[in-house]
Amino acid sequence: MISDEQVISVEKVNQLNDFKLELEFNDKTRQVIDFYPFLSRSLNPLIRKYLSPEEFSKFEIDQGDLEWNDYDLCFPIADLYENRIAH
(Lines give C-alpha, C1' and ligand atoms only; values in the text may rest on other atoms or scores of the structure.)
Protein backbone atom coordinates (compact mmCIF):
# COMPACT_ATOMS: atom_id res chain seq x y z
CA MET A 1 0.00 0.00 0.00
CA ILE A 2 1.23 3.46 -0.88
CA SER A 3 1.21 6.25 1.66
CA ASP A 4 -0.03 9.69 0.64
CA GLU A 5 3.52 11.04 0.79
CA GLN A 6 5.11 8.32 -1.35
CA VAL A 7 5.74 9.12 -4.98
CA ILE A 8 5.06 6.19 -7.30
CA SER A 9 7.38 5.62 -10.22
CA VAL A 10 8.07 2.96 -12.81
CA GLU A 11 11.34 1.14 -12.17
CA LYS A 12 11.32 -1.70 -14.73
CA VAL A 13 9.49 -2.58 -17.93
CA ASN A 14 9.36 -5.98 -19.58
CA GLN A 15 7.72 -6.21 -23.01
CA LEU A 16 5.63 -9.41 -23.08
CA ASN A 17 4.31 -9.12 -26.64
CA ASP A 18 3.72 -6.42 -29.27
CA PHE A 19 1.53 -4.21 -27.05
CA LYS A 20 1.62 -5.78 -23.60
CA LEU A 21 4.05 -4.53 -20.97
CA GLU A 22 4.78 -5.72 -17.46
CA LEU A 23 5.59 -2.72 -15.27
CA GLU A 24 7.31 -2.87 -11.91
CA PHE A 25 6.88 0.14 -9.66
CA ASN A 26 9.16 1.43 -6.92
CA ASP A 27 7.02 -0.28 -4.23
CA LYS A 28 7.51 -3.63 -6.10
CA THR A 29 3.89 -3.68 -7.31
CA ARG A 30 3.62 -5.21 -10.79
CA GLN A 31 1.01 -4.64 -13.46
CA VAL A 32 0.61 -6.27 -16.87
CA ILE A 33 -1.00 -3.73 -19.16
CA ASP A 34 -2.30 -4.37 -22.66
CA PHE A 35 -2.05 -1.08 -24.55
CA TYR A 36 -3.63 -2.42 -27.74
CA PRO A 37 -7.27 -1.56 -26.85
CA PHE A 38 -6.32 2.05 -26.09
CA LEU A 39 -4.21 2.43 -29.22
CA SER A 40 -6.73 0.77 -31.53
CA ARG A 41 -9.64 2.94 -30.32
CA SER A 42 -7.78 6.22 -30.73
CA LEU A 43 -8.62 8.36 -33.74
CA ASN A 44 -5.54 10.52 -33.24
CA PRO A 45 -2.89 9.70 -35.88
CA LEU A 46 -0.12 10.70 -33.43
CA ILE A 47 -1.33 7.93 -31.08
CA ARG A 48 -2.27 5.43 -33.80
CA LYS A 49 1.30 5.38 -35.08
CA TYR A 50 2.10 3.32 -31.97
CA LEU A 51 0.00 0.49 -33.42
CA SER A 52 3.23 -0.30 -35.21
CA PRO A 53 5.01 -2.84 -32.97
CA GLU A 54 8.30 -1.26 -33.96
CA GLU A 55 7.18 2.20 -32.80
CA PHE A 56 5.54 0.85 -29.65
CA SER A 57 8.71 -0.95 -28.59
CA LYS A 58 10.62 2.37 -28.42
CA PHE A 59 9.34 3.15 -24.88
CA GLU A 60 11.65 4.46 -22.17
CA ILE A 61 11.55 5.13 -18.46
CA ASP A 62 12.30 8.80 -17.86
CA GLN A 63 12.49 9.89 -14.22
CA GLY A 64 9.96 7.21 -13.24
CA ASP A 65 7.55 7.86 -16.11
CA LEU A 66 6.86 5.46 -18.95
CA GLU A 67 7.03 7.43 -22.18
CA TRP A 68 7.57 7.22 -25.91
CA ASN A 69 9.51 9.63 -28.12
CA ASP A 70 10.18 12.39 -25.56
CA TYR A 71 6.61 12.32 -24.14
CA ASP A 72 4.91 12.01 -27.52
CA LEU A 73 2.89 9.29 -25.76
CA CYS A 74 2.66 8.90 -21.98
CA PHE A 75 0.12 7.94 -19.34
CA PRO A 76 -0.59 9.19 -15.80
CA ILE A 77 1.41 7.08 -13.37
CA ALA A 78 -1.66 6.50 -11.17
CA ASP A 79 -3.54 5.02 -14.14
CA LEU A 80 -0.65 2.68 -14.93
CA TYR A 81 -0.36 1.71 -11.28
CA GLU A 82 -4.08 0.84 -11.13
CA ASN A 83 -4.04 -0.71 -14.64
CA ARG A 84 -6.74 1.59 -15.94
CA ILE A 85 -5.38 3.48 -18.92
CA ALA A 86 -7.91 5.79 -20.56
CA HIS A 87 -9.82 4.27 -23.41
Side-chain angles (χ1 to χ4, degrees):
M1 181 111 191
I2 300 301
S3 70
D4 290 339
E5 296 83 38
Q6 186 173 355
V7 175
I8 298 299
S9 61
V10 176
E11 287 200 336
K12 295 179 188 173
V13 181
N14 181 27
Q15 190 163 6
L16 302 177
N17 67 24
D18 285 346
F19 303 103
K20 195 176 284 188
L21 302 178
E22 179 184 40
L23 308 182
E24 183 177 322
F25 298 88
N26 58 332
D27 68 348
K28 303 305 177 202
T29 296
R30 292 177 187 258
Q31 288 287 5
V32 173
I33 301 174
D34 184 357
F35 289 85
Y36 183 79
F38 169 81
L39 296 170
S40 66
R41 285 195 280 266
S42 177
L43 300 177
N44 184 330
L46 297 175
I47 292 175
R48 290 188 64 83
K49 77 177 184 181
Y50 292 100
L51 283 168
S52 159
E54 182 179 330
E55 286 298 314
F56 184 80
S57 68
K58 295 179 182 176
F59 59 84
E60 296 180 343
I61 299 173
D62 183 14
Q63 298 182 28
D65 288 327
L66 177 66
E67 59 92 11
W68 288 259
N69 196 26
D70 197 25
Y71 290 88
D72 190 28
L73 179 65
C74 64
F75 298 89
I77 211 80
D79 290 352
L80 295 172
Y81 188 82
E82 296 174 9
N83 198 352
R84 58 177 174 81
I85 61 174
H87 297 298

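Predicted model only: the values in this text are computed from it and were never measured.
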| said: As a quick check of understanding, evaluate side-chain contact (heavy atoms from CB on, under 4.5 Å) for F75 and I33, giving each step before the final call. | reply: CA-CA 12 Å; F75 298 89; I33 301 174; over 6 Å; no

| said: Test your reading of the model: is there a side-chain donor-acceptor pair from W68 to the backbone of K58, 3.5 Å cut-off? | reply: no

| Between N26 (side chain) and S9 (backbone), is there a donor-acceptor pair under 3.5 Å? | yes

| request: Compare all side-chain heavy atoms of F35 with those of L73 and state whether any distance is below 4.5 angstrom. | output: no

Show me, pair by pair, the donor-acceptor contacts under 3.5 angstrom made by side chains of residues 45-52, not counting sequence neighbours?
from	atom 1	to	atom 2	distance (Å)
R48	NH1	S40	O	2.9
R48	NH1	S42	O	3.0
K49	NZ	D72	OD2	3.0
Y50	OH	D72	OD2	2.7
S52	OG	E54	N	3.4
S52	OG	E55	N	3.4

| request: Scan for salt bridge (charged side-chain N to carboxylate O under 4.0 Å, His left out) pairs involving residues 7-19, sequence neighbours excluded, and state none if there are none. | output: E11-K28

| query | Is L16 linked to F25 within one hydrophobic cluster, defined over Ile, Leu, Val, Met, Phe, Trp and Tyr using a side-chain heavy-atom separation of less than 4.5 Å? | reply | no

| request: Give a yes or no on whether I8 and I61 share a hydrophobic cluster (residues Ile, Leu, Val, Met, Phe, Trp, Tyr; joining criterion: side-chain heavy atoms under 4.5 Å apart). | output: yes

| Can you tell me how far CG of L23 sits from OG1 of T29, rounded to the nearest 0.5 angstrom? | 11.0 Å

Applying side-chain hydrogen bond (donor to acceptor under 3.5 Å, both in side chains), name anything that partners [X], two or more places apart in sequence or on another chain.
X   : answer
D65 : Y71
Q15 : none
E22 : none

| query | So F56 and L21, side-chain contact (heavy atoms from CB on, under 4.5 Å) or not? Walk me through it. | reply | CA-CA 10 Å; F56 184 80; L21 302 178; 3.9 Å; yes

| said: The criterion is ring-ring contact (aromatic ring centres under 6.0 Å, His included); which residues satisfy it with F59, sequence neighbours excluded? | reply: none

| How close do E82 and Q31 get, heavy atom to heavy atom, and via which atoms? | C-NE2, 4.0 Å

